[in-house]
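Heads up, the thing below is written out as structure tokens.
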Amino acid sequence: MEFSLPTVLAGPFIRRVEPTQVFIWIATSSRFQITAKLYHMVRKKERWNETLLSTHSDTRTIQFGDRLFVHLIKVTPAQGTFPKDSLLGYNLFFDNDHESFHLGDLSLLTSDNPASIVYGDLNYPTFFMNSPEKPCRLLFGSCRKLHGEGEDTLAIGDNQINEQFDSVENRPSALFLLGDQIYADDVPDPIIRVISQLGEQLMGQREPLQELDSHLAKEPLRTSIRQINGRQFIMENLCHFTSSSADNHLIEFGEYATMYLLVWSPALWESAHEQNLFESFEEALEKNHIHLHFQQPDPSLNKKQQQVIQQLRDRFYEQQEILTTFQHSLYKVRRLMANIPSYMIFDDHDVTDDWNISDVWMKNVEQSPLGRHVVANGLSAYWAFQGWGNDPDAFDQKFITIINNYFHTFREGNMLKNHNNWTELLWQEQQWHFIAPTSPTAVFLDTRTKREYALQPKPVSLGKIIEDAPRPPQLIHRNEWLQVTKHLYDSGWRAGSPLIVVSATPVYGMGLIESFLHDYVYPLKLLGMKVQTTFDFEAWKYNGKGFTSFLERIANWGPNECIIFSGDVHYGSSVFSNVTFPDGRELNVKQFTSSPIKNMSFSGAWGALLKMAIKVNSVKRKNKDIIRYCDLSYRIQTIEDKKTVPQTYLWKDQLCYQPVQKEDIIEMENHLGLLSYTAGAIEYKLCKMEDEDISSM
């Protein structure tokens, strides 16, 4: 049954912004010709003077489904460049054979409307580009889960702009999202069937997955794949995924697309409520919409089965309550992203937990027809909703044509016709890294698809790692570093300038947590054993050779100041490091980690114990320099008291953890990072749902 969908599914969002071009992203449920107009906004006394700029507007549209159109509007100045250090407003104009309208006709430009995307007394959503010599303020964070514990702190970014919307000196100029913008593998029970239904409406049909794996045409999998709590076996055995939370894992492209639309906009939530798509646990149970792993007898259940159902019921309603509060933040999130250039890179959960964690994982999934397909769906959705807007020029006509051809034949009912070309495109060496034209310049690294794996794993004892146990992969291989270097210099950046390096995975983590994971947890997981953890642990330091390559590469670039942004680990921290090499080179690093936006993971009894241990460890580390070196075998060693660095080493560093909240060097509650940068001065703030102190660096 077809039901109504909102015209605008998500957006408009400001994406890549440069003096010579501006990109605006939007998703609609119908095909439109879309043009953009830009305005130079200058306040004169009590009013805004809006001057229409002479521009060219060029829109590229990809039709993914019958009712899913993703548009990227490129706006260029007719002459010269766009003004810097002043507000630029914009409006979008939509036209097809049936209707013509603009954003104002959708009530998005009415300031007193709760759904408005404008601030204060402005008539349009706005953004700006700051000059290199001017101060800049950058918002950043990672790990935002629909049903994650705690408040959605991405909405705090909206508060930051709302308080300073008319001041380019104080208003944030860009938003960096560092990974896990969605959790494809960890989807709450009350919404998975809604996501599937909305995905079918957007695409016009379901994917014939049984054509990839015949097991899905037979019971019980034919039914369980459409049920709540019914996909864990499928993801483990047909896809060879390793997520322990895959009960409701996203599979089809329409499901991935719907998830993005739900985390960025209130529009589909409103449509789902209007169509009464949400059902109670009791309704779902009665209609056989919940997979129970056992036949439900009538009229009574045994005690153990009753306990299973009660556990599922409790989980369902707990998640439902969190989802209700999440929806309230989406109006702020949509307004934020309509008014600030945003740049985004994936981490594992954007596709699946443990994505490419090892060469064995990657080979197993690639050789699985369904696993290969799901990864391609996840990457296609990442490109459509995140990657395309980061650097549109990085995706050539061949890339666009293959994407178009696959989804065109899918809509015609022939998914397999262009399937091989599509999956090969997304599994091969694709350029996902990019250079953001911010001030300072930011290099976003791909730490997921360009890894280098050890050829032969070495033995591991149960429980604790033994000497020379298997190491995690190098997160970036040599050829990728060469490409990143080329693109960095092609961007116009030069040595002696400040540089931001964005790594979803932290370069410097918290030693207490990392040591525990490295010594006990990682060896077991690397060997394929199921190990429950509430956070990821793929830091650069786990592979000494990869860590050394990172330091060497940045040192060779020669920034006068290196700032690292990272996320992933579900805590916020700040660490300064001075790295020296035997040839006399030096590298000064300031790393800021902001995670999670919404997904507090250190909870329960285990979390309380870990927090206590971290607090004790923090006291020892606060205001204390830690001296380390890397030996010729790429082993990173810490210098204990009264010892010295040996004469032969690859590099040595002196690092110190900085307070991020009052006297603490770690923050485990939800937050959004805010970095204020001027030459020679950095202020770092963790924005939470309460007043916070600013740490001056």
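Since this is a predicted model, take the numbers as computed values, not measurements. Counting begins at 1 with the first residue of the sequence.
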*Stepwise, does the ring pair (Phe, Tyr, Trp, His ring centres under 6.0 Å) test hold for His349 with Tyr183?*
CA-CA 5 Å; His349 292 285; Tyr183 280 69; 4.4 Å; yes
Can you name the residues that form a side chain to side chain donor-acceptor pair (under 3.5 Å) with [X], not counting sequence neighbours?
{"X": "Asn159", "result": "Lys332"}
{"X": "Lys486", "result": "Asp490"}
{"X": "Thr441", "result": "none"}
{"X": "Arg15", "result": "Ser342, Asn390"}

*Are Arg16 and Glu18 ion-paired here, with the side-chain N under 4.0 Å from a carboxylate O?*
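Salt bridge present between Arg16 and Glu18.
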*Can a salt bridge be assigned to the pair Arg144 and Asp180 using a cut-off of 4.0 Å between side-chain N and carboxylate O?*
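Salt bridge absent between Arg144 and Asp180.
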_Pairing residues for Glu169 by the salt bridge (charged side-chain N to carboxylate O under 4.0 Å, His left out) criterion, not counting sequence neighbours_ =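 Salt bridge (charged side-chain N to carboxylate O under 4.0 Å, His left out) list for Glu169, sorted by chain: empty.
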*Just jot down the salt bridge (charged side-chain N to carboxylate O under 4.0 Å, His left out) partners of Lys134, sequence neighbours excluded, or say none.*
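Expected list: Asp85.
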*Please determine, by modelled atom types, if Asp625 and Gln654 share a side-chain donor-acceptor pair under 3.5 angstrom.*
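A donor-acceptor contact under 3.5 Å links the two side chains.
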Can you name the ring-ring contact (aromatic ring centres under 6.0 Å, His included) partners of [X], sequence neighbours left out?
{"X": "Trp388", "value": "Trp383"}
{"X": "Phe23", "value": "none"}
{"X": "Phe127", "value": "none"}
{"X": "Tyr677", "value": "none"}

*For Pro646, which residues count as a side-chain contact (heavy atoms from CB on, under 4.5 Å) partner, sequence neighbours excluded?*
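Once residues adjacent in sequence are excluded, the partners of Pro646 under the side-chain contact (heavy atoms from CB on, under 4.5 Å) criterion are Tyr629.
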*Looking at Val263, Asn670, Leu672, which one forms a side chain to side chain contact (heavy atoms under 4.5 Å, CB included) with Lys598?*
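Checked Val263, Asn670, Leu672 against Lys598; only one passes side chain to side chain contact (heavy atoms under 4.5 Å, CB included): Asn670.
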Using distance only, find each side-chain donor-acceptor pair of residues 578-588 under 3.5 Å and give its atom names and separation, not counting sequence neighbours.
unit_1, atom_1, unit_2, atom_2, d
Asn578, ND2, Asn588, OD1, 2.4
Asp583, OD1, Arg585, N, 3.1
Asp583, OD1, Arg585, NE, 3.1
Asp583, OD2, Arg585, NE, 2.8
Asp583, OD2, Arg585, NH2, 3.4
Arg585, NH1, Glu552, OE1, 3.3
Arg585, NH1, Asn556, OD1, 2.7
Arg585, NH2, Glu552, OE1, 2.9

*Would you say Arg494 has more than 12 foreign heavy atoms packed within less than 6.0 Å of its CZ?*
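More than 12 within 6.0 Å, yes.
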*Do Ile476 and Gln474 come close enough that some side-chain heavy atom pair is under 4.5 Å?*
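In short, these two side chains do not touch, never coming nearer than 4.5 Å.
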_Charged tip of Lys541 within 45° of Phe547 ring normal and under 6.0 Å_ =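 No.
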